[in-house]
4 protein chains.
Amino acid sequence: MLTGFSLPKSPKGTSSVVPTPPWHFVGTAIAVSFEAEPNNIESFLPEGLELDSNKCTAYFVEWQAVSDGEEKEYLDPVRSQYKETIILVSAKFEGNSVSYCPFIWVDQDVSLVRGMFQGWPKQLGTTWITRAYNLPSKASPIVGKGGKFGATLSARERRLIEASITLNETVESLPTPNFAKAVNVRYFPNLELGQHDKPLIHQLVQLKSKDVSISEIWKGDAKMVFYDSPYLELIDLKPTRIDSGYRFSFAMTVDNIIPLKDLR
Amino acid sequence: MLTGFSLPKSPKGTSSVVPTPPWHFVGTAIAVSFEAEPNNIESFLPEGLELDSNKCTAYFVEWQAVSDGEEKEYLDPVRSQYKETIILVSAKFEGNSVSYCPFIWVDQDVSLVRGMFQGWPKQLGTTWITRAYNLPSKASPIVGKGGKFGATLSARERRLIEASITLNETVESLPTPNFAKAVNVRYFPNLELGQHDKPLIHQLVQLKSKDVSISEIWKGDAKMVFYDSPYLELIDLKPTRIDSGYRFSFAMTVDNIIPLKDLR
Amino acid sequence: MLTGFSLPKSPKGTSSVVPTPPWHFVGTAIAVSFEAEPNNIESFLPEGLELDSNKCTAYFVEWQAVSDGEEKEYLDPVRSQYKETIILVSAKFEGNSVSYCPFIWVDQDVSLVRGMFQGWPKQLGTTWITRAYNLPSKASPIVGKGGKFGATLSARERRLIEASITLNETVESLPTPNFAKAVNVRYFPNLELGQHDKPLIHQLVQLKSKDVSISEIWKGDAKMVFYDSPYLELIDLKPTRIDSGYRFSFAMTVDNIIPLKDLR
Amino acid sequence: MLTGFSLPKSPKGTSSVVPTPPWHFVGTAIAVSFEAEPNNIESFLPEGLELDSNKCTAYFVEWQAVSDGEEKEYLDPVRSQYKETIILVSAKFEGNSVSYCPFIWVDQDVSLVRGMFQGWPKQLGTTWITRAYNLPSKASPIVGKGGKFGATLSARERRLIEASITLNETVESLPTPNFAKAVNVRYFPNLELGQHDKPLIHQLVQLKSKDVSISEIWKGDAKMVFYDSPYLELIDLKPTRIDSGYRFSFAMTVDNIIPLKDLR
């Protein structure tokens, strides 16, 4: 009997790229809220979503993630650590404000494939974020007023995003759009000849997380630049105005997803 | 209107990780045919396949791949080159000999995700194979009698396979099992709570390729060792006997897949 | 006029791999103190050093480093972050206890070349260490009694070291041997024919650091395994006994080195 | 007795990053000859060299390299394969035309450190070049009239160079400047306080190679773009005119270097 949540299924089930849910996540994020050209945002929205506003957020996160009871996953950190850049735009689903992700990059296969099962449109890319340390040093910013943090994204050897923030004050709220109401598209195309545009799965889904906890949230000023690519259309969502920068940590558990609408 | 064969779908469709088929491949392979413990092979076969023999082949390949008319993909080689290790075992489907892949590793996202649409159980891993050059040098083997080539696989920072072959003679046939009759499992699990063991897609599929061409095939002796891992079950397919080593190049086009049997 | 501290020298001097000192470092370390076979330790000591004891320490560190006034280096973290594994053994120089580094691995060129100028025998290798976060989560250990942290080293695709520690109590002292009295060998071989064994530089040097600060030091139990390699002789320093595990952060500035003895 | 050509020296000498010379190399190169702003070229020349012309060449090479008798190095290809981008400019030394390298990038430590011993100003960077295969395929160019090959360089996550060539005819000569008369600067700065600008080694050296062989040389048209970086000054050598593109393979042995002039 083969077992395991994802391929490759195997006799013991420990070979699967993605372990069986629940999945527990904790991460430290640099975020930049910004505005983009509304027509362009709209052009990236899937059927079923409508334009809500021109508000967007870019998140750059250093994650550690494990499955249930799997202390040994974080003791072999190459299995549990990954870095991620997430672009979220504002949208409406049946009149309610939600967020939608047109682009997301990670640097490990477990995260890439796990994300696909949630409808995240993941690609490989490398994210770097400035770290804080609990010691005074010219080599790191303080987590406090005036502390400066950078974040960068590159994919297939091209720098795509550079951002930096300067902390100013603690606030109560995360930037919006955020993960709380993210709507994704689960998708699996059909390679059968003549069926290339008739996917086996094409479905709007609502992400679900539980046991969410959030650290102190620092907010301040931000800069961010998107760079062009010969094929990635990220540049069409480039900031027309930068709003604010944020730094916070975030923990959550995921074991569920809610189908909203079949798009086939 | 969003377009593109895979996520992320986008207005122009050029952002998708996987471009629209057909996909054209050309690669140079080192292969080692071997025998493994038949009970263990059987334990890796999905429903619908039966044990055929204890014959297996490991392929280590340096690929270059493009989609239709996309010269520009091979002019930006980070988009088109990848290296792959493929383990194939022998199996029977409805009485006919086929091959089945319990493990496969690649080093680029386009190949990882494209493979998932074909049912390949791809993970990230790094493959290295010795190269030949068209000049005499102590730094490279000859493509001829006595030429020695190595191949290695590592994943998540652990060496998993080391192989080497010594060329002896040219032959007419590829090792078996090979790609020609590969049967895979298309699979997409359902993250909805209570449905984790009720996949949305779970289907035996027959791979299809066309416009296949094969170079001169060199055959000779081989050595190969599989190393253990705390979670990957590859070691259960370790060689009980090494058969032969091979070196050849291979070109093909893929734009189709044939569903064989629903396993849900 | 060309300028810059290291090659490549250039008109503005900003192209050098290594910026001009001082260099400011801050890092978080997992460390394991252990004993190795004294004869083997002795066999790794350079001329001028004598065996002191069988005590050794392995350090696994996530660093962030900048040169003077270079906030922009930590805002582009790929320039300033690197991970390192350091093996230190005990030795005596002219009757005084010092530490000596037979092996060290880093994952960035700036650190590799900067280290060579200090006599560190750096190679490329990838280090991973479990991270702590300031939020309760199944995905991370606590920095407190019972918290478990892992660390691994791989080089050229082979896993070389696996370690894990369990925190028990805070202590006042770092493990010994440590960085405080490290003696290295500055070395630059001569490629001129007939001079391959007559280096241009071959010198015992004493490392110097200033503005050192150290966080709270957690100590506890540890496990550690060294794996064999076909060419690296690390295995000859494998633990014969594991002493303790440590976790702490560390900041310092380096702009000096003290020549001790010419070995030519 | 410690042995080995480079650090780390060890009892058996097999732990050294760089094995003892001679070193045997074989590689396949894409090259683009171009002109740059003469004043800028001159600004990169070290003391002892004078401007010769505005002619430059960029080489993008896939190498395989071993030390003497070390078949086992190419059977573990991660030890012997690396990719390199080399910029050569024209210069004069004591009235004779030579070539000088202001920038060079490689992707393995053995090559980085080995290069430093020859005065190459090596940094880590990733080079990709289009491959040819001995089979007709849409996925690869032909090695013949009309065949198109691309090459790219990236360092620290930024794309720095993109080039492509179209083969037209075979020719007898390599582009100039080339490796044949390369003059480098051997350099080792002194970290002792107050000596940061008084290097221990600072010397013009003439590279030496032997047993050189060169394949058929294809020449044709070329395109090449240099991209800017916040700190690398490569852009100052950007093409003001593109001359030609080349593709060829190259083998050589290195065990010597000739000191020309002390620059201290």
Side-chain angles (χ1 to χ4, degrees), chain C residues 2 5-12 14-15 17-18 20-21 40 43-47 72 76 78-79 101-104 108-109 112-113 116-124 156-157 185-193 196 200-201 205 208 230-234 236 254-259, chain D residues 2 5-12 14-15 17-18 20-21 40 43-47 72 76 78-79 101-104 108-109 112-113 116-124 156-157 185-193 196 200-201 205 208 230-234 236 254-259:
Chain C
L2 294 176
F5 185 69
S6 79
L7 298 182
K9 303 205 123 195
S10 60
K12 292 177 202 136
T14 59
S15 299
V17 175
V18 178
T20 300
N40 288 358
S43 74
F44 277 91
L45 296 180
E47 188 191 330
K72 66 187 172 199
D76 190 5
V78 69
R79 296 183 67 187
C101 174
F103 288 106
I104 184 169
Q108 292 275 14
D109 55 358
L112 181 78
V113 178
M116 292 175 66
F117 299 152
Q118 301 170 277
W120 292 109
K122 290 195 177 182
Q123 308 191 45
L124 288 183
R156 292 186 191 159
E157 316 232 318
V185 174
R186 282 203 290 199
Y187 194 84
F188 195 100
N190 191 348
L191 183 56
E192 293 169 54
L193 199 57
H196 295 172
L200 297 171
I201 300 173
V205 294
K208 291 286 292 179
Y231 44 94
L232 285 179
E233 296 154 73
L234 174 66
D236 295 332
V254 170
D255 65 357
N256 198 5
I257 200 169
I258 309 295
Chain D
L2 294 175
F5 186 68
S6 78
L7 297 183
K9 304 205 118 194
S10 59
K12 293 178 199 133
T14 58
S15 298
V17 174
V18 179
T20 301
N40 288 358
S43 74
F44 276 92
L45 296 180
E47 188 192 331
K72 67 189 169 193
D76 189 6
V78 70
R79 297 184 66 187
C101 173
F103 287 108
I104 183 168
Q108 293 275 15
D109 56 358
L112 181 78
V113 179
M116 293 175 67
F117 299 151
Q118 300 169 278
W120 292 109
K122 291 193 176 181
Q123 306 191 46
L124 287 183
R156 292 186 191 160
E157 314 233 318
V185 173
R186 280 202 290 198
Y187 194 82
F188 194 100
N190 191 348
L191 182 56
E192 292 169 54
L193 199 59
H196 294 171
L200 297 172
I201 302 173
V205 293
K208 291 286 292 180
Y231 45 95
L232 285 179
E233 296 155 73
L234 173 66
D236 294 332
V254 170
D255 65 357
N256 197 4
I257 200 169
I258 308 296

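Quick caveat, the model's predicted, so the values are computed rather than measured. Lettering of chains follows the sequences in order, A, B, ..., and the numbering in each one begins at 1.
At a 4.5 Å heavy-atom cutoff, C/I104 makes no contact with chain D through either its backbone or its side chain. Both the backbone and the side chain of D/L232 come within contact range of chain C, with heavy atoms under 4.5 Å apart. Of the two parts of D/V18, neither the backbone nor the side chain holds a non-hydrogen atom closer than 4.5 Å to a non-hydrogen atom of chain C. Of the two parts of D/E157, only the side chain, counted from C-beta on, holds a non-hydrogen atom closer than 4.5 Å to a non-hydrogen atom of chain C. For C/N190, the parts lying under 4.5 angstrom from a heavy atom of chain D are both the backbone and the side chain. Of the two parts of D/P11, the backbone and the side chain both hold a non-hydrogen atom closer than 4.5 Å to a non-hydrogen atom of chain C. Neither the backbone nor the side chain of D/V205 comes within contact range of chain C; no heavy atom of the residue lies under 4.5 Å from a heavy atom of that chain. Both the backbone and the side chain of D/F5 come within contact range of chain C, each with at least one heavy atom under 4.5 Å from a heavy atom of that chain. Contact annotation for D/I258: neither backbone nor side-chain heavy atoms come within less than 4.5 Å of a heavy atom of chain C. Interface remark: D/L191 contributes backbone and side-chain atoms alike to the contact with chain C (heavy atom separation under 4.5 Å).
When all heavy atoms of D/F188 and C/R186 are compared, the pair lying nearest together is CE2-CD, 3.9 Å. Contact between D/V185 and C/L7 at its shortest, heavy atoms only, is O-CD1, 3.4 Å. Taking both residues in full, the closest heavy atoms of C/L193 and D/D255 are given as CD1-O, 3.4 Å, listed atom of the first, atom of the second, then distance.
Interface remark: of the candidates C/K208, C/Q118, C/M116, C/M116 forms the most heavy-atom pairs closer than 4.5 Å to chain D.
A salt bridge does not link D/R156 with C/D76: every distance from a Lys NZ or Arg NE/NH1/NH2 to an Asp or Glu carboxylate oxygen is 4.0 Å or more. Checked for salt-bridge contact, D/K122 and C/D109 miss the test: no charged N lies under 4.0 Å from a carboxylate O.
Applying the ring-ring contact (aromatic ring centres under 6.0 Å, His included) criterion to C/Y187, with sequence neighbours excluded, gives C/H202.
C/Q123 is listed as a side-chain neighbour of D/P8, based on a closest heavy-atom distance under 4.5 Å. Side-chain contact between C/Y231 and D/R79 is present, with heavy atoms from C-beta onward closer than 4.5 Å.
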Next on the checklist: Run the side chain to side chain contact (heavy atoms under 4.5 Å, CB included) test on D/L112 and C/L124 for me, step by step, so that the C-alpha distance in whole Å, both residues' side-chain angles and the decisive distance to 0.1 Å come before the verdict.
Outcome noted: CA-CA 10 Å; D/L112 181 78; C/L124 288 183; over 6 Å; no

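Considering CG of C/L200 and CZ of D/F117, their distance stands at 10.0 Å, rounded to 0.5 Å.
For the pair D/E233 (side chain) and C/S10 (backbone), a donor-acceptor distance under 3.5 Å is absent.
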